[in-house]
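The model shown is predicted, which means the values in this text are computed figures rather than measured ones. Below, read A as the first sequence line, B as the second, and so on, with proteins coming before strands; counting in each chain starts at 1.
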There are 2 protein chains.
Amino acid sequence: MVLSKACTYGILASLYITRETNKKTGYVSIGRMSKELHISFHFLTKILQELTSAGLLTSMKGPKGGVALKQDAKDITLLDIVIAIDGMELFSECLLGLPGCGNEEPCAVHNEWGGIREQLYQTFRSKTLATTTQQIDEQNLRFALPELLDS
Amino acid sequence: MVLSKACTYGILASLYITRETNKKTGYVSIGRMSKELHISFHFLTKILQELTSAGLLTSMKGPKGGVALKQDAKDITLLDIVIAIDGMELFSECLLGLPGCGNEEPCAVHNEWGGIREQLYQTFRSKTLATTTQQIDEQNLRFALPELLDS
DNA sequence: TTTTTCTAAGACCGGATTGTCTTAAATTAA
DNA sequence: TTAATTTAAGACAATCCGGTCTTAGAAAAA
């Protein structure tokens, strides 16, 4: 798995918050969000706390409370969220896990992976919450988990 | 982590086997290999068993036994090894983990991730054990874990 | 045949990640 | 002030992966 589950939940939740705060001012309830995105409430809360302490979100307790973007949606990138939750390892580590791998001592796939990794970085960096939610609305893209089916 | 540790160990071991069987005929001892690559013997054994049951290696018990490539080194790609150990998920799954994501119902990063994923796939597919070991020798590339330092 | 050298196979443990639950604290509304 | 709503925080359980260990079994050598 390239991104941890916590990280993908963090991205989906951030997109949800962006769309909701477009509609109405104020905070978005974590309880309501967890229901609509089909993510465990307590797990989602923990993830959003990480984004809050990273300075990407603010929160408010009590009735009418919830979370909101701390910065403008055009100033938060998906890269910010990935780094806040999963850290920088994805963009710095050797694909084969060789500790000293670098330009001086490259491994067998160092150059290829370096290029791919850079594209991944630029992809996350170029997508802000604003542009991504706009894209979602225009192209009717998916950004939520489906309800789990009972089997 | 893009590849599991088991998968990277499988790649490193396969490259080692290719280089050793270049020198002498017959089988490569797992015990000796685990020492030189600094990988746990029993863990390496488990990984090599997966590669054996996937048809990439053969094994022989007893003295002078060990493992060997079942096919020619130019017919085994790094992709074969990745798929044998980690499966196809890396090359098929949605980056955001949305179950139904595809061309009909794309997620917000579907197209970008699709392109990157394809490059990753082609990189692994284009590198055979033969070409990669040749590259390692010519360019003096790293393909083994360093000995762990006592601290 | 017996011993030694190996791989085969699977039980087992520890730590990280994922996910659940409970309690506390803050804020609003009545 | 009191009650209701909501996040904060942390304990806790379950699951998966990485790694270790033990026993079995096969093949070669003595």
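- Nearest heavy-atom pair across A84(A) and L51(A) is CB-CD2, 3.9 Å.
- With distances taken from any side-chain atom of P63(A) to the nucleotides dG19(D), dG18(D), dT5(D), the minimum falls on dT5(D).
- The nucleotide whose nearest atom lies closest to any side-chain atom of K5(A) is, among dA8(C), dT28(C), dT18(C), dT18(C).
- Phosphate contact (OP1/OP2 of dT27(C), side-chain N/O of Y27(A), threshold under 4.0 Å): absent.
- Of the candidate nucleotides dC21(C), dA26(C), dT7(C), dA26(C) has the atom lying nearest to any side-chain atom of K61(A).
- Projected onto DNA chain C by closest heavy-atom contact, T45(B) and K46(A) fall at different nucleotides, the more 5' of which corresponds to T45(B).
- Looking at the side chain of Q49(A), the nearest of the listed nucleotides dA8(D), dT20(C), dA27(D) is dA8(D).
- If you check every strand for non-hydrogen atoms under 4.0 Å, S29(B) touches sugar and phosphate atoms only.
- The base of dT22(D) sits with one of its N or O atoms less than 3.5 Å from a complementary donor or acceptor on the side chain of H42(B).
- Of the side-chain N and O atoms in S59(A), one or more sit less than 4.0 angstrom from OP1 or OP2 of dA8(D).
- Summarising the geometry, atom OG1 belonging to T52(B) is positioned 4.5 Å from atom CG belonging to L57(B); distances are rounded to the nearest 0.5 Å.
- At a threshold of 4.0 Å, the pair R125(B)-D80(B) does not count as salt-bridged, since none of the basic side-chain nitrogens sits closer than that to a carboxylate oxygen.
- Shown here for T58(B) and L69(B), the closest heavy-atom pair between the two residues is OG1-O, 4.2 Å.
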